[in-house]
S.K.: 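Got a structure for you, questions after.
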Amino acid sequence: MSITTITKKGQITIPKSIRDKLSIKYNDKLSVKLFKNKAIIEKIPSLLELESSIRVPKGRKKSNWKEIERETHEIRAKKTVKEKY
């Protein structure tokens, strides 16, 4: 078990041992949700980690990459929550 402290700004530091175990790196996206009075933090896989598991529809192939990535992260986060809880 690790203990961390919340800052004035509401931030916490995830202990290195946990970051290493979850392969969490700078700028990774995390999902934070409440489940039975507990905060659950999970890494949202990047598009590169998902490899070919996500199809880009023909109409979106020329879309802004950052927008596609943002939308994909939101969809994956919602799907992860539904699958696990």
Side-chain angles (χ1 to χ4, degrees):
M1 178 176 90
S2 297
I3 296 175
T4 189
T5 303
I6 193 162
T7 68
K8 290 188 281 187
K9 293 182 178 182
Q11 300 169 333
I12 62 168
T13 298
I14 299 171
K16 184 172 180 351
S17 59
I18 293 174
R19 291 192 319 261
D20 289 346
K21 183 113 179 149
L22 296 175
S23 299
I24 296 172
K25 299 174 293 306
Y26 171 76
N27 225 15
D28 280 347
K29 304 296 182 204
L30 303 174
S31 167
V32 181
K33 55 194 159 284
L34 191 61
F35 180 72
K36 294 186 179 180
N37 207 31
K38 293 182 182 182
I40 308 295
I41 301 171
E42 293 180 301
K43 179 181 177 182
I44 299 172
S46 71
L47 291 179
L48 295 177
E49 291 170 326
L50 294 173
E51 296 181 11
S52 62
S53 65
I54 298 175
R55 285 186 329 115
V56 177
K58 286 183 182 182
R60 295 298 310 260
K61 288 189 179 182
K62 293 185 179 182
S63 297
N64 178 299
W65 177 253
K66 285 290 183 192
E67 182 65 20
I68 291 172
E69 186 176 28
R70 185 190 62 73
E71 289 174 11
T72 302
H73 280 298
E74 288 178 10
I75 291 167
R76 287 299 295 177
K78 288 176 185 175
K79 185 175 180 182
T80 298
V81 170
K82 286 181 183 178
E83 288 173 356
K84 295 193 176 193
Y85 304 102

S.K.: Using 4.0 Å as the upper bound for N to carboxylate O, is an ion pair formed by Glu74 and Lys78?
M.R.: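 Glu74 and Lys78: not salt-bridged.
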S.K.: Are more than 12 heavy atoms from other residues, nucleotides or ligands located less than 6.0 Å from atom CG of Asn37?
M.R.: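 No - once you tally the heavy atoms of other residues, nucleotides and ligands closer than 6.0 Å, there are 12 at most.
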S.K.: Considering all heavy atoms of both residues, which atom of Leu34 and which atom of Ala39 are nearest to each other, and what is their separation?
M.R.: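 In this case the closest contact between Leu34 and Ala39 is CD1-N, 4.4 Å.
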S.K.: Does anything in residues 8-21 form a side chain to side chain donor-acceptor pair (under 3.5 Å)? List the pairs, not counting sequence neighbours.
M.R.: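 Only Lys16-Asp20 qualify under side chain to side chain donor-acceptor pair (under 3.5 Å).
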S.K.: Rounded to the nearest 0.5 Å, how far apart are NZ of Lys29 and OG1 of Thr72?
M.R.: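 One gets 13.0 Å once the value is rounded to the nearest 0.5 Å.
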S.K.: Grouping I, L, V, M, F, W and Y whenever their side-chain heavy atoms are under 4.5 Å apart, do Val32 and Ile14 come out in a common cluster?
M.R.: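 Val32 and Ile14: one cluster.
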S.K.: Please give me the minimum heavy-atom distance between Ser23 and Asp28, naming the atom from each residue.
M.R.: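 Heavy atoms of Ser23 and Asp28 come nearest at O-OD2, 3.5 Å.
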S.K.: Could you grab the distance from atom NE2 of His73 to atom CD1 of Ile44, nearest 0.5 Å is fine?
M.R.: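 Between atom NE2 of His73 and atom CD1 of Ile44 there are 7.0 Å.
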S.K.: CD1/Ile40 to CG/Leu30 distance, rounded to the nearest 0.5 angstrom?
M.R.: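 So the CD1 of Ile40 and the CG of Leu30 are separated by 13.0 Å.
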S.K.: According to side chain to side chain contact (heavy atoms under 4.5 Å, CB included), who are the partners of Leu22, at least two apart in sequence or on a separate chain?
M.R.: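 With sequence neighbours excluded, Leu22 shows a side chain to side chain contact (heavy atoms under 4.5 Å, CB included) to Ile18, Ile24, given in chain and number order.
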S.K.: What residues join Ile3 in its hydrophobic cluster, counting side-chain heavy atom gaps under 4.5 Å, either direct or through other members?
M.R.: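 Noted: Ile3 shares its cluster with Met1.
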S.K.: Roughly how far, to the nearest 0.5 Å, is CD1 of Ile12 from OG1 of Thr7?
M.R.: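 Going from OG1 on Thr7 over to CD1 on Ile12, the span is 9.5 Å.
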